[in-house]
Number of protein chains: 2
Amino acid sequence: MNTASFASKPDDRLPRYQQLRDDLVSRIAAGEWAPEKAIATEAELGQFYNVSTGTVRKAIDLLVSDGVLTRTQGKGTFVRRPRFDSSLFRFFRFVSRDGQPVRPTARVLKREVVKPSEEIRIALQMKASEKAIHLSRVRLIEGRTVLSEEIWLPRARFDVLATLPLDQFEDLLYPLYERLCKQVVASATEILRVEQATAETASLLGIKTGSPVIVVHRVASDFAGAPFEWRSTRGAADTFQYQVEIR
Amino acid sequence: MNTASFASKPDDRLPRYQQLRDDLVSRIAAGEWAPEKAIATEAELGQFYNVSTGTVRKAIDLLVSDGVLTRTQGKGTFVRRPRFDSSLFRFFRFVSRDGQPVRPTARVLKREVVKPSEEIRIALQMKASEKAIHLSRVRLIEGRTVLSEEIWLPRARFDVLATLPLDQFEDLLYPLYERLCKQVVASATEILRVEQATAETASLLGIKTGSPVIVVHRVASDFAGAPFEWRSTRGAADTFQYQVEIR
DNA sequence: CAGTGGTCTAGACCACCTG
DNA sequence: AGGTGGTCTAGACCACTGG
């Protein structure tokens with residue numbers, strides 16, 4: 001394989017399809033192919049890297065199973081944009097009065113630019129001096145608050161959001177991040193825990209103090225694996241359900 | 001591909017590697033290769049089914065990613081036995097007084113042979129007349145009850161357990177199922193919810209009535225996908241944590 | 001050493017999509 | 001019709017395991 005084709009020198013001890021996979025990831029992270037755009041065809045990649053199409057397919061297979069790419073027969077191979085809209089439905093089941101699933105609307109209650117706690121600073125790999133944007137918002141269904149969210153963003157990447165009028169924040173933040181700040185969420189890690197509602201959370205969510213609350217901590221990262229959003233979401237435990245398959 | 005090689009007639013509209021995959025699953029389900037025993041080599045399978053080794057590899061790839069098989073270079077391809085021992089650690093973090101992770105011991109409190117509820121009967125695909133074995137047991141760490149479990153088994157498959165002395169039940173039931181009843185767990189589905197402790201659960205777990213409790217409902221199935229164990233596990237929510245990666 | 005799975009090639013033909 | 005990914009072949013050689 002022609003080493004000169006690679007963005008950075010690959011580790012020759014790895015199989016070619018792994019080296020190829022890594023190079024494709026770095027090209028995607030560099031923005032060479034935008035989300036939902038087709039990447040080079042398998043034949044082109046095989047020629048470019050001087051490997052057979054079978055090897056190209058194996059590299060792409062890995063990225064498809066990682067959720068980075070999707071293939072469509074006859075059309076091409078595409079950079080996948082994760083569908084985080086529905087990510088809450090992974091944990092919470094929200095239905096309107098008539099039983100239809102609904103996506104909650106959002107309202108930002110507070111925004112401040114402050115030094116983050118040490119926990120959040122480390123999770124976001126921020127320098128000690130760097131400030132963060134802190135958003136507090138609620139999510140509502142038919143006027144009723146169902147979720148309470150705390151969001152932390154490194155100021156350096158999200159400067160625009162430090163001054164954006166609060167009423168211009170949308171229900172979904174990730175499209176906003178992409179449009180205004182050129183930040184695309186590629187993956188996330190979530191941790192679930194159960195708490196008993198504090199007086200403050202209870203009054204926000206309209207539940208009794210001490211009743212169970214699900215807390216989802218999420219760290220979202222870009223295609224290069226660098227974390228850039230820290231978020232905690234709290235909701236009443238009775239709207240919660242999660243399903244896992246084990247093998 | 002030689003159709004006569006197949007246990008049941010495969011669907012010719014499917015790719016060969018899919019047909020092959022399905023036939024391997026049915027041979028595993030039929031017990032042709034025991035758990036932790038090597039299956040036929042790739043070359044043998046290619047000859048037997050009259051396909052190339054690349055196609056055999058693709059079929060095996062699918063089963064490996066399904067968790068049914070594992071491959072070891074130089075040794076062979078093996079039927080995988082899921083490690084359910086640690087399945088509780090997926091949700092609950094148990095540590096002993098000195099901070100080491102521990103596996104709780106178990107004690108069966110009650111056993112009865114009764115007609116199951118409609119919910120459980122349907123989940124286990126049992127006939128209306130069939131009876132079930134119901135076990136109530138607790139799991140303990142250093143003498144303290146940390147989990148409370150209700151287990152339902154179809155009597156037909158688990159007759160031996162209807163009369164086994166209660167003190168001969170072991171901490172882990174799945175090895176017992178396999179040894180005494182020839183039932184091997186191949187996969188399971190688990191659903192998590194949060195409840196507030198009833199007085200009974202609270203006294204079992206040594207927590208306050210109304211404090212949050214995690215409930216894990218599990219349906220375990222054999223290699224053929226037939227469910228044969230229904231189980232619910234309750235534990236205090238403060239021992240709970242779960243982590244997910246999203247892409 | 002022989003036997004296993006792991007990597008890789010250089011094609012072929014098929015199924016699907018778009019213009 | 002031309003281009004894409006999907007399936008499949010019939011090998012080759014390598015890396016690892018065990019006797």
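Each chain gets a letter, A, B and so on, in the order its sequence line appears, and its residues count up from 1.
Each of Thr77(B) and Thr55(A) has a nearest nucleotide on DNA chain C; the 5'-most of these lies closest to Thr77(B).
Of the residues in residues 30-44 of chain A, those lying under 4.0 Å from DNA chain D by heavy-atom distance are Thr41(A), Glu42(A). Only Gln73(A), Gly74(A), Lys75(A), listed by number, bring a heavy atom of residues 59-75 of chain A to less than 4.0 angstrom from any atom of DNA chain C.
Atom CG of Leu45(B) is separated from atom P of dT4(C) by 11 Å (rounded to the nearest Å). Protein atom NZ of Lys58(B) is 18 Å distant from nucleotide atom C1' of dG5(C), rounded to whole Å.
For Arg179(B), the salt bridge (Lys or Arg N to Asp or Glu O under 4.0 Å) partners two or more places apart in sequence, or in a different chain, are Glu170(B). Annotation: salt bridge (Lys or Arg N to Asp or Glu O under 4.0 Å) contacts of Glu32(B) (sequence neighbours excluded): Arg27(B). A search for side chain to side chain contact (heavy atoms under 4.5 Å, CB included) contacts involving Pro165(A) returns Asp167(A), Gln168(A), not counting sequence neighbours. Residues forming a salt bridge (Lys or Arg N to Asp or Glu O under 4.0 Å) with Asp61(A) (at least two apart in sequence, or on another chain): Arg71(A). Gln73(B) is linked by a side chain to side chain contact (heavy atoms under 4.5 Å, CB included) to nothing, counting only residues two or more places apart in sequence or in another chain. For Arg155(A), the salt bridge (Lys or Arg N to Asp or Glu O under 4.0 Å) test picks out Asp159(A), with sequence neighbours left out. Thr72(B) meets the side chain to side chain contact (heavy atoms under 4.5 Å, CB included) test with Lys75(B), Phe78(B); sequence neighbours excluded.
Closest non-hydrogen pair, Tyr49(B) versus Asp23(B), comes out as OH-OD2, 2.6 Å.
Chain B approaches DNA chain D within less than 4.0 angstrom (heavy atoms of the protein), and the contacting nucleotides run 5' to 3' from dT7(D) to dG18(D).
Residue pairs meeting the salt bridge (Lys or Arg N to Asp or Glu O under 4.0 Å) criterion with at least one partner in residues 221-230 of chain B, sequence neighbours excluded, are Arg157(B)-Asp222(B), Glu229(B)-Arg231(B). Screening residues 44-57 of chain B for salt bridge (Lys or Arg N to Asp or Glu O under 4.0 Å) gives Glu42(B)-Arg57(B) as the qualifying pairs, with residues at least two apart or on separate chains.
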